[in-house]
Structure formats: C-alpha cells, structure tokens
Amino acid sequence: MRCIYRAALSLLMPLGAAPAVGHDFWIEPSTFRPGADSVVRIGLRVGEKFNGEPVARDSGKIDRFFMVGEAGERPVVERDGANPAGMARIEAPGLYVIGYRSKATRIELEASKFESYLREEGLGHVIQSRAERGESGKSGREIYSRCAKALLSAGDGGSEGFDRILGFRLELVPERNPYGSTADDEFVFRVLFEGKPLAGVLVSAMNKSEPDQPLTARSDEEGRVHFALQRTGIWLITAVHMVRAQAGSDADWESLWASLTFESSGR
C-alpha cells in the first residue's frame, strides 16, 4: 500500500529531516496561466492523491531546475530552504515548460513492504526478476530520483512548445496541447526512457478536484497512453519505471518517478 510505503520511507529519514520522500512528487506553480509579464512562484509538492506537503529548495538534491520557452532555457532561482522552491519571470506570451530533475537518493525496505510497493506501482517485471533470482525474500535496496515537469500557458499561450522534450531519463510528453483542447478531446501522452518510447509502463492521470478517481493505462509499443480527460482543472500525470541499478551504486534497483502537471479548461 502507498501509505505503508510512505511510512516505511519516513522511518529511514534522520530525526528532524524534512519529508522529502513520499509517493507522488510534482510541480505546483502559483498559476498555470501567468500574465505575459509576471513572476511565477514555483512550488514542489510530495504526497498522495494531490494532497501534497511543500518541499523546500535544497540545492544538494537538485540536478536541474529550469524553465524553457521560445526564447530558450533559464534556471529557476531561489535561496536554499525557500518555499516555494523557485521563482521565474515570464517575459512574453507562449507555452513554457518547467523542469525539475533530482539527484538520486538511496532507500531500503524490508522484503514484504518492497514487494507490496512493487505490486501497487505495477512493477511486475521487478517482482518476476526477483523471483527468478531467488531474491523475493530479500530487502529492496533502491535508489530513486524525480523527473517532474509543469506546462504553463502565458498570455494568449500559442500552440508551440507543449511537447518540448527536456532530456530527462524518464519523461512524460503530451502529444496534444491541453491549453488548446476541449474536455471532450482524447489526450495522448508518450512515455520516454532515455529518449526512447517505453512500453508497458503504468501511467496515472489524476484531477485535483477528484483525486480519488484516477485514470490508469499502460503505454503501448510506441510508449503512448490515451486518456479522455473530461474534467477541467489541474491534472497530474505520473509514471514510475524501475531498472537494475548500476554496479557501485550500493543498490539493487533504480527507480525513476516522472510527473507532469497542467491546467485544462477547454476552449
């Protein structure tokens, strides 16, 4: 269960440490529709069912934190310990993508909790691999990292840039502009792992006003999932992928957690 997984992770943290681990991790800006000349406050959240605790900025855990638009890429800035974790200036109308890539963190879970977590996240290939190697009774030694994105529409938004690829190891890429679509349109998202389409990944789509009723689908051979996002409002799309960890990482498995947030209001 996710709540068991999250509780187990919290026990691994030093006393007094900020709650930096949990289930979902996403970017929540002060607005998804900023003015064409404005400053956006960029919050990081960790939690479940779109109920997230704020994550303060910690440069020691950040690999990349930036915003990219038609004029190029610029860093998202703030002081360490700040909440919201970043700020960025919007200088022109258009579509912008905010990206956050974390450094890897190591955790270890006892066997039963690790297996339960794998089942809940649809990571059956890991369960099978552990069984084939006689590892089902072993604790789960894992390193994990976050690959979060948010899509903003500034001013009149425009139609270019919603499908920008940021180069994260695991990435969710929309194939339809949510700011130019109606609630009746089919939304397609592509799952990329190291730049290539990834099949068989469980993808979840959650609306902030209806978090207890997520939509789920597995990516096809071209890495695509199809959703009918019939509710307006803020959406969180998530996926997790796990592979064998590289030698020397002091872990058996590496998981990558991808998320994408945006606001859909129809035309």
Side-chain angles (χ1 to χ4, degrees), residues 25-45 50 62 64-78 84-101 146-192 195 197 203-209 215 223-239 258-267:
F25 180 97
W26 66 95
I27 297 171
E28 193 166 304
S30 52
T31 175
F32 284 90
R33 296 175 179 271
D37 183 14
S38 62
V39 174
V40 178
R41 298 183 299 278
I42 302 170
L44 305 176
R45 297 286 185 270
F50 239 137
I62 297 173
R64 297 177 67 196
F65 195 7
F66 60 99
M67 182 177 72
V68 59
E70 186 175 344
E73 180 181 319
R74 68 185 68 181
V76 170
V77 298
E78 250 299 359
M87 300 179 70
R89 175 168 289 281
I90 305 294
E91 296 181 344
L95 294 172
Y96 293 81
V97 181
I98 300 169
Y100 177 94
R101 177 78 169 100
R146 312 289 196 177
C147 307
K149 297 168 61 175
L151 178 61
L152 279 59
S153 177
D156 59 9
S159 59
E160 301 295 327
F162 65 90
D163 54 355
R164 286 189 178 94
I165 296 173
L166 303 185
F168 293 161
R169 285 192 69 201
L170 185 68
E171 188 163 355
L172 291 163
V173 181
E175 295 197 341
R176 179 186 291 275
N177 179 9
Y179 296 101
S181 305
T182 71
D184 294 327
D185 289 335
E186 180 183 66
F187 285 79
V188 181
F189 302 89
R190 178 171 271 195
V191 185
L192 301 180
V203 180
S204 173
M206 184 186 309
N207 187 280
K208 192 167 187 177
S209 65
L215 307 173
R224 291 187 173 93
V225 291
H226 300 251
F227 290 117
L229 305 184
Q230 296 180 344
R231 293 191 66 91
T232 60
I234 300 173
W235 283 91
L236 168 62
I237 316 298
T238 61
S259 67
L260 170 67
T261 48
F262 58 87
E263 184 178 3
S264 173
S265 60
R267 288 193 290 260

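For the single chain, residues carry numbers from 1 onward in sequence order.
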Practice problem: Measure across Pro34 and Ile90 and return the closest heavy-atom pair with its distance rounded to 0.1 Å. | Solution: CG-CG1, 3.9 Å
Practice problem: Considering only NZ, NE, NH1 and NH2 on the basic side and carboxylate oxygens on the acidic side, decide whether Glu73 and Arg64 come within less than 4.0 Å. | Solution: yes
Quiz item: So, does Tyr179 use its side chain to make a donor-acceptor pair with the main chain of Glu263 at under 3.5 Å?
Solution: yes
Quiz item: Rounded to the nearest 0.5 Å, how far does CG of Leu215 lie from CD of Gln230?
Solution: 8.5 Å
Quiz prompt | Ring centroid separation Phe65 to Tyr100 under 6.0 Å | solution = yes
Quiz item: Looking only at heavy atoms, what is the nearest atom pair of Asp156 and Pro93, with distance?
Solution: OD1-CB, 3.4 Å
Quiz prompt | Minimal non-hydrogen separation, Ile237 against Leu172, with atom names | solution = O-CD1, 3.4 Å
Quiz item: Distance from Glu28 atom CD to Arg45 atom CZ, nearest 0.5 Å?
Solution: 5.0 Å
Quiz item: So Leu95 and Leu152, side-chain contact (heavy atoms from CB on, under 4.5 Å) or not? Walk me through it.
Solution: CA-CA 6 Å; Leu95 294 172; Leu152 279 59; over 6 Å; no
Quiz item: Are Phe162 and Phe262 close enough, and set up right, to give a side-chain contact (heavy atoms from CB on, under 4.5 Å), and what steps lead you there?
Solution: CA-CA 10 Å; Phe162 65 90; Phe262 58 87; over 6 Å; no
Exercise. Would you check if Arg101 and Arg146 make a side-chain contact, meaning some heavy-atom pair closer than 4.5 Å?
Key: no
Quiz item: Are Arg74 and Glu91 side-chain neighbours, meaning at least one heavy-atom pair lies under 4.5 Å?
Solution: yes
Quiz prompt | side-chain contact (heavy atoms from CB on, under 4.5 Å) between Leu166 and Glu171, worked out | solution = CA-CA 8 Å; Leu166 303 185; Glu171 188 163 355; 3.5 Å; yes
Self-check item: Distance, nearest 0.5 Å, that separates OG of Ser259 from CZ of Phe25
Solution: 7.5 Å
Practice problem: Identify whether the distance between the nearest side-chain nitrogen and carboxylate oxygen of Asp37 and Arg89 falls below 4.0 Å. | Solution: yes
Quiz item: Judged by atom type as modelled, is there a donor-acceptor pair below 3.5 Å linking the side chain of Thr261 to the main-chain atoms of Leu236?
Solution: no
Self-check item: Asp163 side-chain N/O to Arg176 backbone N/O, donor-acceptor pair under 3.5 Å
Solution: no
Self-check item: Residue pair Ala150 / Phe32: nearest heavy atoms and the distance that separates them
Solution: CB-CE2, 4.4 Å
Self-check item: side-chain contact (heavy atoms from CB on, under 4.5 Å), paired with Trp235, selected from Leu151, Leu229, Leu260
Solution: Leu229
Quiz prompt | Backbone of Ile98 reached by a side-chain donor or acceptor of Lys149 within 3.5 Å | solution = no
Quiz prompt | Pair Ile42-Val40, side-chain contact (heavy atoms from CB on, under 4.5 Å): steps then yes or no | solution = CA-CA 6 Å; Ile42 302 170; Val40 178; 4.2 Å; yes
Quiz item: Taking the six-membered ring for Trp, are the ring centroids of Trp26 and Phe50 within less than 6.0 Å of each other?
Solution: yes
Quiz item: Below 4.5 Å, heavy atoms only, C-beta onward: do Thr238 and Val203 meet side chain to side chain?
Solution: no
Quiz item: Below 4.5 Å, heavy atoms only, C-beta onward: do Val188 and Pro174 meet side chain to side chain?
Solution: no
Quiz prompt | Closest heavy-atom pair and its distance - Ala148, Ile27 | solution = O-CD1, 3.6 Å
Quiz item: So, Arg231 versus Ser209: side-chain donor-acceptor pair below 3.5 Å or not?
Solution: yes
Self-check item: Note: Glu70-Arg164 ion pair, threshold 4.0 Å (strictly below)
Solution: no
Self-check item: salt_bridge(Arg41, Glu78) N-O dist < 4.0 Å
Solution: no
Quiz item: Nearest heavy-atom pair of Ala92 and Ala154: which atoms, and what distance?
Solution: O-CB, 3.9 Å
